[in-house]
Each structure stands twice: as structure tokens, then as C-alpha cells.
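No experiment lies behind these values; they were computed from the predicted model shown.
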Amino acid sequence: MAPSKVLTGQPKPTAISGVVTRRGLATRQNKEFIPDASQKQNLFKDTRIKRKADASPTKDKVTKRYALGNITNAIGKTISTQIQDAKKVAKKVTSQPAKPLTQTTANTRTLDKIVTCKQENIPQSKPKQSVTRAKPQLKKEEEKTEIPAPVIKALNAVRRSIEVEKSDESSLYVSALESLPEESKRLSRTSKDSAKIEAVVKPNNALNQEPEGEKSGPNDRINRNPCPVRKLPPGVSWDLDAENWADHFQVPQYAMDIFEYLKNREKLFVITDYMERQVCLSKWMRSLLVDWMVAVQESFELNHETLYLAVKLVDLYLTKVTVGKETLQLLGAASLFIASKFDERIPPMIEDFLYICDGAYTHRELTRMEINVLKVMDFDLGIPLSYRFLRRYARCAKVSMPTLTLARYILEYSLMDYATISFSDSKMAAAALFLALQMKDLGAWTTTLEYYTGYKLKDFADIVNVLNEGLHRKQKEALSTVRNKYSHKIFFEVAKVALKDKLEM
């Protein structure tokens with residue numbers, strides 16, 4: 001399961017299920033190695049939320065292993081032992097500031113006694129002592145809550161607005177039928193204000209009147225970017241971009257041009273058969289690596305685009321550079337690190353990737369591999385991804401979410417298949433969508449899909465057969481991450497859908 005997000009900005013670390021606060025890691029602020037969390041407590045405070053792995057190391061030294069020895073990174077500790085370790089760490093952190101708090105409370109109690117003794121001899125005309133007595137209580141509350149200044153200002157603004165709405169005389173939300181006093185008449189609409197409103201409304205009404213001999217649509221005056229009328233080919237059911245013309249997030253004005261441009265860029269990132277040149281690697285080792293990368297994507301809660309881009313970086317790097325067995329997982333971790341920087345809003349830190357590799361590599365080795373991958377790619381990370389094409393094609397076909405999830409499962413399952421590395425990403429997306437439609441008995445490849453994808457069924461028929469054969473092939477237990485992931489109810493259990501022996505091509 002994906003780990004729960006931990007708020008590191010809290011002053012006191014709490015024991016969260018399955019997560020243990022880490023010690024001995026470097027931070028971005030000082031870039032130093034911290035020997036123990038109890039020595040420097042202020043470094044736990046951070047202003048942003050970080051994604052962490054399923055469990056964090058509880059010891060300063062982690063056991064080093066081979067890159068492909070235990071690539072699934074199974075952690076031996078149970079959740080109960082992790083929670084006990086977290087409680088021990090929390091007790092160590094909270095044990096030091098307990099002493100000064102008792103001293104402050106004792107001092108405040110003595111101050112209260114002194115103030116109460118002096119207050120009996122002071123006349124009532126001097127209320128200053130009551131103010132001084134209330135000060136230590138306010139300090140107690142501030143020490144407990146520690147509310148920042150911007151939050152206090154926002155709360156005060158909300159309270160003021162509520163008081164204005166509750167007031168009777170000076171409220172702006174008084175109905176027009178009520179008789180207002182003379183003092184509140186200045187807040188109501190006077191005759192001069194109504195005259196000004198009519199003066200503004202009249203020109204607008206004049207604009208609404210159509211001239212003689214001309215007729216305009218209801219939205220021609222409001223929408224300055226009207227939807228063009230396109231001539232669709234015969235058989236196309238709808239114009240998706242015209243229907244979503246007002247949705248700026250889908251960019252309907254340039255959607256067709258964008259994906260046509262991505263198709264043209266596919267020729268710049270061709271992957272050839274590189275296993276003949278890789279003496280120390282095999283197809284099985286690559287499948288193990290991709291399965292591990294899927295597990296990292298799920299545990300760090302990364303986007304699916306990050307996973308697809310990382311796998312592409314691995315294949316493109318292996319086509320040009322010969323890699324040994326001990327550095328294959330280092331290449332996968334560096335590719336995920338680069339892809340997360342490119343696609344994620346809050347990418348994981350480099351210490352998270354060092355931990356997920358079980359301490360097999362150092363900080364310097366990971367950064368060196370990151371530099372090498374970027375140099376080989378010539379810093380061009382705008383690679384066309386099959387996942388982006390699939391989302392566009394499914395939206396154009398107006399398929400349901402379970403059908404789209406089934407196509408995503410087929411496409412993600414094909415990442416482990418070495419036979420699919422040389423195929424075009426746009427054709428892979430079309431083949432995965434067609435196979436999902438066949439498995440759901442939703443029909444064949446329509447003319448609407450031919451118009452938006454630019455492919456006919458004969459263009460990717462061989463890819464459909466390869467994907468179908470990959471689904472029928474029985475995988476070993478070491479490659480069960482993708483199947484287990486899409487067997488969950490969140491993904492509609494699409495991995496349990498019955499396969500098709502014969503396809504209607």
C-alpha cells in the first residue's frame with residue numbers, strides 16, 4: 001500500500017501506522033550528516049510535505065545488498081515493531097523539554113500567589129493587577145497552541161465579518177421592506193444610486209438590441225473566442241474539442257496539433273534491440289527492474305507519467321551505454337529521480353531513493369548516474385509517452401472509467417515485456433485501448449477513433465497480438481506487482497477480467 005503522508009512541520013513527531021521517523025539523513029538546508037535525532041531537534045521542522053517510503057530505517061547502518069539480490073525491497077519488520085520503535089523515538093525527543101515546562105508552571109503559580117496577596121491591599125480603582133494576572137495564562141495557551149501570526153489575522157478577519165453580518169443597524173443584508181432608521185439610510189440605495197444604475201444598464205440594453213437585417217447568436221457578444229464549425233468526416237460521431245471549447249485545461253484549440261507534434265517526435269526516441277550488446281544483462285533482469293520501479297511508484301505515490309518516463313529513460317540509456325549487473329538498479333533509481341523532478345509537483349528527496357535501494361549505493365553514485373543519464377539524453381526529456389496518448393484516445397472515445405483502467409493495466413503490464421520496446425507509443429496506446437474494448441465486449445475500432453488517433457486497425461494489429469500474448473503468459477511470483485496493483489477495488493479489479501482467446505480483428 002501507499003504510505004500515509006507525514007507532516008514534518010509539526011513540533012512533536014507522532015507515531016503513524018507503518019512509518020518511523022528517520023535518523024541519520026541529510027537535509028537540503030545544511031547538507032550535513034546528522035548522527036542522532038535527539039541532538040538536533042530543530043532540523044525535523046520543514047515547511048513542506050514529503051512523500052516517504054512504506055517504512056523508514058530504524059538503525060544508523062543499513063545492511064548493504066546486491067542490486068538484483070532482493071530487488072523487491074521486502075522489509076522484515078512488522079508494523080507492530082515499527083510502531084514500538086516510533087514510540088521510543090518520540091519519548092527520546094519529548095523527554096528533554098519536559099523539565100523547563102515544569103519550572104515555568106511553578107513560576108507562574110508563585111506569581112499568581114504574589115498577585116493575589118497584593119490585590120487585597122489595593123483599592124478597586126486600579127484594575128491593572130487583573131491584567132498582569134491574566135498574562136501568564138495567555139503565555140500558557142500560546143505555548144500549547146503556537147498559532148502563527150498569519151492564521152491569527154485570518155481568524156480576526158473572519159470574526160469581524162461575522163459580527164458585521166450579525167449587526168442589526170449597520171448591516172448591508174437588510175431587506176428592502178423593512179423600515180430603516182435615519183442613520184442607516186446612507187447604506188441603502190438612494191435615488192441617485194438608482195439613477196446611476198439605470199444609466200449603466202441602458203447602454204447595455206442598447207447593445208443587446210440587434211440591428212435590423214442582422215441576426216447574431218446568443219453567445220457571439222460574450223464569447224470573444226467562438227467555437228469554429230468543423231467539417232467532420234462521415235461516420236465521426238462527435239467533435240470532442242468543440243464540446244469542451246470552454247474548458248481551458250483541455251486546450252481544445254491546440255489539442256489535435258499537440259498530439260500530432262508528439263507523434264512526429266517519436267522518431268527521435270527510437271529504441272532498438274540492445275540486449276545483444278549488454279553482456280551482463282538479460283531480459284529477465286530488465287523485467288525485475290521494471291517491476292521494482294512500479295513498486296517504488298506505488299509506495300511514493302508518484303504519477304503514472306513519472307513511471308513511464310523513467311522506463312523510457314532506462315531503455316534509451318541502455319541502447320547507448322553498456323551497463324553492469326551491479327549498476328542496473330542504480331540506473332532505475334536515477335531514472336525515477338529525474339522523472340519525478342520533471343513530472344512531480346513535490347518530488348521525493350534523494351535520501352528516499354537511497355533508502356529504497358536498501359543502502360546499496362551512495363549519494364555520490366546516484367548523483368553521478370543522474371548526470372550521466374542527462375548527458376546521454378542531451379537534456380531532452382520531452383519524450384512522447386504511451387500513457388498520455390491513451391488518456392487522449394479514451395477521452396475521444398468517451399469510454400467509462402473501468403474500461404480506461406483496463407487499458408491502463410494492459411499498457412502498464414506491457415512495460416515488463418521486452419518485445420514491446422521498439423513499438424511506437426501512440427500505436428501502443430491505440431492497441432491497448434482496442435484490446436480493452438474487446439475484453440469488455442464494447443465493439444470494434446470505430447471511425448471516430450480513426451479520426452482522432454490517425455490509425456486504422458491494420459496499422460497496429462500486430463501490437464494487439466503481442467499484448468494479448470503477454471497477458472496470457474504466466475508470470476512468476478517475482479513479477480506480480482502490476483497484477484496485484486490492478487486487482488484492488490480502487491482500480492475496479494480489472495486484472496481479474498477474463499481474457500480473450502480470439503479477437504475480432
Problem set entry | No-hydrogen, no-angle side-chain donor-acceptor test under 3.5 Å, Tyr274 and Asp315 | yes

For this session: Consider only side-chain N and O atoms of Tyr387 and Asp425, and report whether a donor and an acceptor are under 3.5 Å apart.
Result: no

For this session: Answer with yes or no whether the side chains of Arg286 and Tyr418 bring together a donor and an acceptor at under 3.5 Å.
Result: no

Problem set entry | Glu243 bridged to Lys398 by N-O distance under 4.0 Å | yes

Seminar exercise, completed: Of all heavy-atom pairs linking Ser426 and Glu266, the shortest is N-OE2, 2.9 Å

For this session: Compute whether any side-chain donor of one residue and acceptor of the other, for Glu493 and Tyr486, lie under 3.5 angstrom apart.
Result: no

Problem set entry | Minimum heavy-atom distance between Met428 and Ser414, given as atom pair plus value | CE-OG, 3.5 Å

Problem set entry | Sub-4.5 Å side-chain heavy-atom contact between Asn372 and Thr367 | no

Problem set entry | Evaluation steps, side chain to side chain donor-acceptor pair (under 3.5 Å), between Lys485 and Gln297 | CA-CA 11 Å; Lys485 175 183 176 181; Gln297 180 262 335; 2.9 Å; yes

Problem set entry | Nearest-0.5 Å distance that lies between atom OG1 in Thr420 and atom CD1 in Ile463 | 9.5 Å

For this session: Could you tell me whether Arg391 and Glu305 have a side-chain N and a carboxylate O separated by less than 4.0 Å?
Result: yes

Exercise. When you check the gap from the basic side-chain N to the acidic O, do Lys341 and Glu370 get nearer than 4.0 Å?
Worked result: yes

Exercise. What ring-ring contact (aromatic ring centres under 6.0 Å, His included) pairs are there with at least one residue in residues 431-477, not counting sequence neighbours?
Worked result: Trp445-Phe460

Exercise. With no hydrogens and no angle check, do the side chains of Thr322 and Gln278 hold a donor and an acceptor under 3.5 Å apart?
Worked result: no

For this session: Quick one: do Thr319 and Arg277 satisfy side chain to side chain contact (heavy atoms under 4.5 Å, CB included)? Show the steps, please.
Result: CA-CA 8 Å; Thr319 54; Arg277 299 186 298 272; 4.2 Å; yes

For this session: Please test Asp247 against Arg395 for salt bridge (charged side-chain N to carboxylate O under 4.0 Å, His left out), starting from the C-alpha separation and ending with a verdict.
Result: CA-CA 14 Å; Asp247 190 359; Arg395 202 177 279 130; over 6 Å; no

Exercise. Less than 4.5 Å apart, any side-chain heavy atom of Ser386 and any of Tyr308?
Worked result: yes

Exercise. Does any non-hydrogen side-chain atom of Val373 lie less than 4.5 Å from one of Met369?
Worked result: yes

For this session: May I ask you to decide whether Asp291 forms a salt bridge with Arg483, counting only side-chain N to carboxylate O separations under 4.0 Å?
Result: no

Problem set entry | Residue pair Arg265, Asp380: steps toward the salt bridge (charged side-chain N to carboxylate O under 4.0 Å, His left out) verdict | CA-CA 11 Å; Arg265 279 184 60 84; Asp380 188 3; 3.0 Å; yes

Exercise. Where do Ile271 and Ile421 come nearest, in terms of heavy atoms and distance?
Worked result: CB-O, 3.6 Å

Problem set entry | Pair Arg388 + Asp343: basic N to acidic O under 4.0 Å | yes

Problem set entry | Side-chain heavy atoms of Met439 within contact of Ile410, under 4.5 Å | yes

Exercise. Are the side chains of Leu503 and Asn468 in touch, meaning some heavy atoms are under 4.5 Å apart?
Worked result: yes

Exercise. Does a side-chain heavy-atom distance below 4.5 Å link Leu307 with Leu302?
Worked result: no

Exercise. Going by heavy atoms in the side chains, are Leu316 and Val376 under 4.5 Å from each other?
Worked result: no

Problem set entry | Test item: Ser287 side-chain N/O and Met416 main-chain N/O as donor-acceptor pair under 3.5 Å | yes

